Amino acid sequence: MTRLITSFIDGEFQSPDGARLFDKRSPVDGRVIARIAEAPQAEVDRAVQAARAALLGDWGRMPMEKRSALLHAVADEITRRFDDFVEAEMADTGQPAHVMTQVFIPRGAANFKVFADVVKNVPTESFRMDTPDGRGALNYAIRKPKGVIGVICPWNAPFLLMTWKLGPALACGNTVVVKPSEETPLTAALLGEVMAKVGVPRGVYNVVNGFGPKSTGEFITTHPKVDAITFTGETRTGTAIMKAAAEGMRDVSFELGGKNAGIVFADADFDAAVDGIFRSAFLNTGQVCLGTERVYVERPIFEHFRDALKAKAEAVRYGRPEDHHSTYGPLISQEHRDKVLGYYQRAVDEGATVVTGGGVPDMPAELKGGCWVQPTIWTGLKDDASVVREEIFGPCCHLRPFDSEDEVVALANDNVYGLSTTIWTQNLTRAHRMAERIEVGITWINSWFLRDLRTPFGGSKQSGIGREGGVHSLEFYTETRNVCVKL
Ligand SMILES: NC(=O)c1ccc[n+]([C@@H]2O[C@H](COP(=O)([O-])OP(=O)(O)OC[C@H]3O[C@@H](n4cnc5c(N)ncnc54)[C@H](O)[C@@H]3O)[C@@H](O)[C@H]2O)c1
Ligand SMILES: N/C(=C\C=C\C=O)C(=O)O
């Protein structure tokens with residue numbers, strides 16, 4: 001069945017009449033599974049106007065308790081329709097069911113629940129000051145919603161990443177105009193059904209589909225009535241959006257690219273480290289910004305670790321996401337597959353030893369139209385090889401031995417990105433010391449992608465601007481104002 005996806009504006013799905021439609025193809029077999037209406041500038045304008053009207057209507061006047069309860073109702077409806085969201089996201093991404101049911105879709109409800117509560121429990125400051133007349137003055141801060149937030153989303157964990165922004169944005173009383181990635185429109189449309197069902201006022205949640213430059217994404221980021229922009233995607237796209245946001249001085253929150261290091265010391269719990277690095281390199285077919293593409297292993301265990309990781313990579317089971325036998329899916333698109341295969345070739349050109357993979361698996365005829373590549377492990381490259389320095393965003397990693405803590409800290413930090421790292425050692429004094437020295441926003445010790453949504457999340461260097469999570473999201477999605485009262 002080919003679905004038709006149109007914009008969701010002011011509480012309703014828009015008519016496709018006259019719309020320019022583009023195809024959404026299954027990453028699994030290349031079939032067209034949906035036709036998507038590209039929102040022209042006039043439609044983006046209507047979405048922004050609807051979002052502004054909602055700020056001045058019921059939503060803007062809604063008490064926090066009621067807003068919080070409504071977002072809990074959204075979370076509960078997502079949970080009630082859990083299987084629908086799993087099915088939609090599997091159709092969009094081709095990723096196996098366990099990636100959806102265990103990781104990505106549960107976060108949809110969690111992202112609303114956590115922030116529906118955070119907004120009620122985070123105080124604002126107050127200061128009493130002395131004054132020359134001796135009677136003093138009282139200062140207190142208040143938080144006000146920023147207004148209409150432009151939300152620009154990537155394709156790699158569509159529902160998780162969109163709701164990671166929507167939860168706090170709406171909990172703080174803002175309204176949103178969302179552009180899902182052109183590759184993954186389905187769950188954002190499904191969320192429109194949820195919003196309407198639970199009674200979120202019209203205009204609070206608006207979705208417009210399309211592309212970036214000279215299309216829907218740019219129409220949002222350049223719209224003068226969009227008050228702030230939160231974006232997740234490639235660093236170079238962030239540069240373009242930041243330029244657009246400068247006009248009108250709009251605030252931005254960016255979660256960008258990464259080239260994350262995994263560091264394994266000889267004293268690590270070996271099996272746990274192999275499992276952890278395997279997950280961080282190959283989960284979601286390596287399409288996770290927090291994923292590991294550079295693995296540094298202390299020399300005494302290097303060969304044993306390499307062989308153990310190779311065995312796990314060669315044991316993945318390709319297949320359709322709905323087939324519970326499948327443990328490994330395709331890349332999101334042929335374009336991205338060509339990019340990843342280009343790096344596979346470049347690695348060989350730069351002198352890599354291909355420990356495993358490096359090409360395209362021999363798929364059954366019915367799946368040959370999909371975006372399949374082999375999980376790949378390299379060794380032997382120089383530290384300045386492009387495969388070691390540039391984000392590939394695929395199921396591949398380069399293993400390199402190291403001999404000292406200072407050496408591996410220097411290697412890990414020698415990159416333009418600074419998003420995350422995962423360190424495996426049973427010497428926790430060393431782990432804490434390392435966490436201080438590695439220049440990233442998030443460090444996991446003997447773990448990876450373990451997420452407490454109250455903690456600061458974001459990248460250093462070219463991996464992002466700002467932090468979201470817990471009170472940090474409130475800092476971005478509200479304007480804090482000070483009131484000074486003369487006593
Ligand atoms: N730091 C994080 O938490 C995080 C999380 C997920 C993904 N990412 C990064 O995202 C990238 C993969 O996602 P992607 O390929 O969708 O990224 P992308 O930058 O190509 O696209 C992201 C979104 O931006 C839109 N867009 C593109 N150009 C635009 C423009 N000029 N103006 C407005 N919108 C524009 C796209 O249509 C899409 O919706 C990787 O680099 C990955 O590291 C980072
Ligand atoms: N932003 C988050 C995850 C990012 C995943 C990147 O691919 C999150 O866990 O909140």
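In this text the structure is predicted, and so the values were computed from the model without any measurement. Numbering of residues begins at 1 and proceeds along the displayed sequence. Both ligands and their constituent atoms are indexed starting at 1 by order of listing. Values below: all heavy atoms of this structure, side chains included; hydrogens, waters and symmetry mates excluded.
Between the choices Met162, Glu255, Arg236, the shortest heavy-atom distance to atom 3 (O) of ligand 1 belongs to Glu255. The closest non-hydrogen atom to atom 23 (C) of ligand 1, taken over Gly212, Gly150, Cys153, comes from Cys153. The heavy atom nearest to atom 2 (C) of ligand 1, out of those in Ser215, Cys289, Gly210, Ala244, is found in Cys289.
Residue pairs that meet the side-chain hydrogen bond (donor to acceptor under 3.5 Å, both in side chains) test with at least one member in residues 95-117, sequence neighbours left out, are His72-Asp117, Asp76-Lys113, Gln95-Thr285, Arg107-Asn111, Asn111-Thr163. Among residue pairs with one or both ends in residues 15-53, those qualifying as ring pair (Phe, Tyr, Trp, His ring centres under 6.0 Å) are Phe22-Phe211; sequence neighbours excluded.
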Begin from the C-alpha positions of Ile9 and Glu43 and carry the test side chain to side chain contact (heavy atoms under 4.5 Å, CB included) through to its verdict. CA-CA 9 Å; Ile9 297 174; Glu43 195 158 273; 3.3 Å; yes
Before giving the answer on side chain to side chain contact (heavy atoms under 4.5 Å, CB included), spell out for Trp164 and Thr232 the whole-Å C-alpha distance, their side-chain angles and the decisive distance to 0.1 Å. CA-CA 10 Å; Trp164 171 237; Thr232 304; 5.8 Å; no
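What sits closest to atom 33 (C) of ligand 1 on the protein, heavy atoms only, is Gly217 C, 3.3 Å. Scanning the protein for heavy atoms near atom 12 (C) of ligand 1, the closest one is Phe393 CE2, 3.6 Å. Distance from atom 9 (C) of ligand 1 to its nearest protein heavy atom, with residue and atom name: Gly233 O, 3.3 Å. In terms of protein heavy-atom proximity, atom 17 (O) of ligand 1 is nearest to Glu234 N, 3.4 Å. Closest protein heavy atom to atom 7 (C) of ligand 1: Asn156 OD1, 3.2 Å. The shortest contact between atom 19 (O) of ligand 1 and any protein heavy atom is with Thr237 OG1, 2.7 Å. Looking at atom 25 (C) of ligand 1, its nearest protein heavy atom turns out to be Ile152 CG2, 3.6 Å.
Residue Leu290 does not touch ligand 1, judged by heavy-atom distances below 4.0 Å. With a 4.0 Å heavy-atom cut-off, ligand 1 is reached by no atom of His336. Under 4.0 Å from ligand 1, the heavy atoms of Glu391 that appear belong solely to its side chain. Under 4.0 angstrom from ligand 1, the non-hydrogen atoms of Leu161 all belong to its side chain. Contact annotation: for Pro180 versus ligand 1, heavy atoms closer than 4.0 Å belong to the backbone alone. Within the 4.0 Å heavy-atom criterion, the part of Leu256 lying near ligand 1 is the backbone and not the side chain.
Distances below 4.0 Å separate heavy atoms of Glu182 from the following atoms of ligand 1: 36 (C), 37 (O), 38 (C), 39 (O). Per-residue contacts place Phe457 under 4.0 angstrom from the following atoms of ligand 1 (heavy atoms of the residue considered): 3 (O). The Glu218 neighbourhood of ligand 1 comprises atoms 32 (N), 33 (C), with distances under 4.0 Å to a heavy atom of that residue. Of all atoms in ligand 1, listed by their number and element, those nearer than 4.0 Å to a heavy atom of Pro154 are 13 (O), 16 (O). Within ligand 1, the atoms closer than 4.0 Å to a non-hydrogen atom of Phe231 are 19 (O), 22 (C), 23 (C), 24 (O), numbered from 1 in the order shown. Close contacts between ligand 1 and Leu419 involve ligand atoms 1 (N) [criterion: under 4.0 Å to a heavy atom].
Between atom NZ of residue Lys339 and atom CD of residue Glu391 there is a gap of 6.0 Å, rounded to the nearest 0.5 Å. Here the straight-line distance linking atom CG of Leu450 with atom CD1 of Ile442 works out to 12.5 Å at 0.5 Å rounding. Expressed to the nearest 0.5 Å, how far OG of Ser333 lies from CZ of Arg25 amounts to 12.0 Å. Put simply, OG1 on Thr187 and CE on Met162 are 5.0 Å apart, with the number rounded to the nearest 0.5 Å.
Within the 4.5 Å cutoff, the side chain of Thr443 has heavy atoms near those of the Ile445 side chain. Using a 4.5 Å heavy-atom cutoff, the side chains of Leu367 and Tyr318 are not in contact.
Applying the side chain to side chain contact (heavy atoms under 4.5 Å, CB included) test between Arg294 and each of Arg389, His398, Lys259 identifies Lys259 as the sole match. Paired with Phe254 under the rule ring-ring contact (aromatic ring centres under 6.0 Å, His included), one option of Phe476, Phe457, Phe231 passes, and it is Phe231.
Nearest heavy atom pair, residue Ser15 against residue Thr6, reads C-CG2, 4.4 Å.
Looking at Asp45 and Lys225, no side-chain N of the basic residue comes within less than 4.0 Å of a carboxylate O on the acidic one, giving no salt bridge. Using a cutoff of 4.0 Å between basic side-chain nitrogens and carboxylate oxygens, Arg35 and Asp23 are scored as salt-bridged.
Taking the six-membered ring where the residue is Trp, the centroids of Tyr344 and Trp378 are separated by under 6.0 Å.
Within the 4.0 Å heavy-atom cutoff, Pro213 counts among the residues contacting ligand 1. Using a 4.0 Å heavy-atom cutoff, Phe254 is absent from the residues neighbouring ligand 1.
In terms of polar-atom proximity, Ser463 is not counted as a contact of ligand 1, lacking any N or O under 3.5 Å from an N or O of the ligand. For ligand 1, the polar-atom distance check against Thr232 finds no nitrogen or oxygen pair separated by under 3.5 Å. Considering backbone and side-chain N/O of Trp155, one or more are found under 3.5 Å from N/O of ligand 1.
Below 30°, between 30° and 60°, or above 60°: for Trp444 and Phe449 the angle between ring planes is above 60°, a perpendicular geometry.
Under 3.5 Å, the side chains of Ser253 and Tyr477 contain no donor-acceptor pair of N or O atoms. Side-chain N/O atoms of Thr230 and Lys165 include a donor and acceptor closer than 3.5 Å.
In terms of the side chain to side chain donor-acceptor pair (under 3.5 Å) criterion, residue partners of Ser280 (sequence neighbours excluded) are, by chain and number, Thr292.
The 4.0 Å heavy-atom shell around ligand 2 contains residues Arg107, Asn156, Leu160, Leu161, Trp164, Glu255, Val288, Cys289, Leu290, Phe449, Arg451, Phe457, ordered by chain and number.
There is no protein heavy atom closer than 4.0 angstrom to atom 21 (O) of ligand 1.
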